[in-house]
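So the structure is just underneath, and the comments pick up after that.
Counting starts at 1 for both ligands and their atoms, in listed order. Because the structure is a prediction, the values reported are computed rather than measured.
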Amino acid sequence: MQKCIELAKQAEGQTSPNPLVGCVILDKYGNEISTGYHHKYGDNHAERDALLNLRNGEEKGGTLIVNLEPCSHYGKTPPCADLIIERGIKKVVIGMRDVNPIVGGNGIRKLKNAGIEVIENVLEDECKILNEVFIKNITKNEVFVALKTATTLDGKIAAQNGSSKWITSDKAREEVKKIRNRYDAILTTSSTILADNPTMAHRKKIILDRELKTNLEAPIYKEGEIYLFNASLDMFEGGINFIKAPVKDEKLDLKFVLKKAYELGIKSILVESGGHLNGEILKYADKIYHFIAPKITGDNSCLSCFDFRKIDNINDSFNFKIAQIDTFEPDILLTYYPISK
Ligand code: AOF
Ligand code: ZN
């Protein structure tokens, strides 16, 4: 199953809105004879990809391992469950049931009815994390919101003058590129563009610029599909989608932005911005990637990574569960999830 997860991850960023799926096939003696994965949206499902490598029937009586329940529906391809049955597989090991209601349990039922032994929930937690975007999209019909920040040990993202290059190391910044690739779009604000003038290479970019203060010639606008949310214009011009959003307390309505992005087919977003937007979006965030560099500014006037309110009591904090700690020398990456979600 771990291998299925690794195979599936090779297609990160390519399968949206469909899930990441990997598959391993063993012959009746338990020897691995084929692997496959869902390469990109519209391509063969992982099970089909793995089975189509086998032409001599060596899978007969064997085992198929896959991180998501095999499908039972006629979609872009015929049902994987049917192909598994046709090929004489005797045992199917599954990471998680499909949350897609057109499959949900039907794939497993089909396999069992054909006399196949089915083992469920193997590395279920890992399989659910692998497809956390797909799960949120299908079960809540909402965009998945991840946030990335890079701070000093005392939670600062820049000096008072805005200087922030570079808090974290090259290795950490390379990892950020990989993280970005997992998400359908990045989201940033006019403040970040005006302060850092970043490129943020990505295929889709959501930019929040209420008063249209940024220079449309800035590098960030030079590549990718641009969705420029603002308070006044609704039009498509110069390759840019200007989208008018309601304003609340002098800020663009984030709920509207996220809903609109989802309607536009954006299933997941990585927010990369400053402390104000990070703070405001916290209540919508599904996951945080927090890089920490072993530096201390010791200066309270430096900009903080989450900066949007005053609280009187520590019990009013947002609470998280740290899921993973990685090292990108000399920095670390904490990956955490909100507890109440
Ligand atoms: C995939 N890849 O490897 C598996 C999937 O749009 P379709 O017709 O390809 O069907 C997509 C659904 O198929 C998807 O939502 C999920 O429920 C199921 N399994 N999908 O894209 C795969 N195994
Ligand atoms: Zn399938």
Counting both backbone and side chain atoms, is some N or O of Lys76 under 3.5 Å from an N or O of ligand 1?
yes
Determine whether Ser268 and Arg182 satisfy the following criterion, side chain to side chain contact (heavy atoms under 4.5 Å, CB included), listing intermediate values before the conclusion.
CA-CA 8 Å; Ser268 60; Arg182 289 177 199 152; over 6 Å; no
Of the protein's non-hydrogen atoms, which lies at the shortest distance from atom 17 (O) of ligand 1, and what is that distance?
Asp98 OD2, 2.3 Å
Identify which of Glu47, Glu69, His38 has a heavy atom lying nearest to atom 23 (N) of ligand 1.
Glu47
Within-cut-off N or O pair, His45 and ligand 1, under 3.5 Å
yes
Pairs of nitrogen or oxygen atoms closer than 3.5 Å, one from Asn100 and one from ligand 1: do any exist?
yes
Take a 6.0 Å sphere around CD of Glu237 and say whether it holds more than 12 heavy atoms from other residues, nucleotides or ligands.
no
Side chain or backbone, does Ile138 bring an N or O within less than 3.5 Å of an N or O on ligand 1?
no
Inter-residue atom distance Lys110.NZ - Ile84.CD1, 0.5 Å rounding:
10.5 Å
If you measure from each non-hydrogen atom of Tyr37 to ligand 1, which part falls under 4.0 Å: side chain, backbone, both or neither?
neither
When rounded to the nearest 0.5 Å, the distance separating CD of Glu12 from OH of Tyr183 is 8.5 Å
Quick one: sort the Phe318 and Phe308 rings into parallel, tilted or perpendicular, breaks at 30° and 60°.
tilted
Have a look at His45 and say which of its N, O or S atoms is nearest the Zn ion (ligand 2).
ND1
Pair Val21, Phe134 - check side chain to side chain contact (heavy atoms under 4.5 Å, CB included), show working.
CA-CA 11 Å; Val21 189; Phe134 175 70; over 6 Å; no
Please report which non-hydrogen protein atom sits nearest to atom 3 (O) of ligand 1, along with the residue it belongs to and the distance in Å to one decimal place.
Ala46 N, 2.8 Å
Atom pair CG (Asp326) and CD (Glu175), whose distance is rounded to the nearest 0.5 Å
7.0 Å
Looking from the Zn ion (ligand 2), what is the angle between SG on Cys80 and SG on Cys71, to the nearest 10°?
120°
Close approach of Cys80 to ligand 1, heavy atoms, under 4.0 angstrom:
no
For Gly75, take its heavy atoms, then give the atoms of ligand 1 lying under 4.0 Å from any of them.
8 (O)
Ion pair Arg173/Asp170, N-O distance below 4.0 Å
yes
Nearest-contact summary for atom 12 (C) of ligand 1 - protein heavy atom, Å
His73 CE1, 3.7 Å
Interatomic spacing from OG in Ser191 to CG in Asp196 - rounded to 0.5 Å
10.0 Å
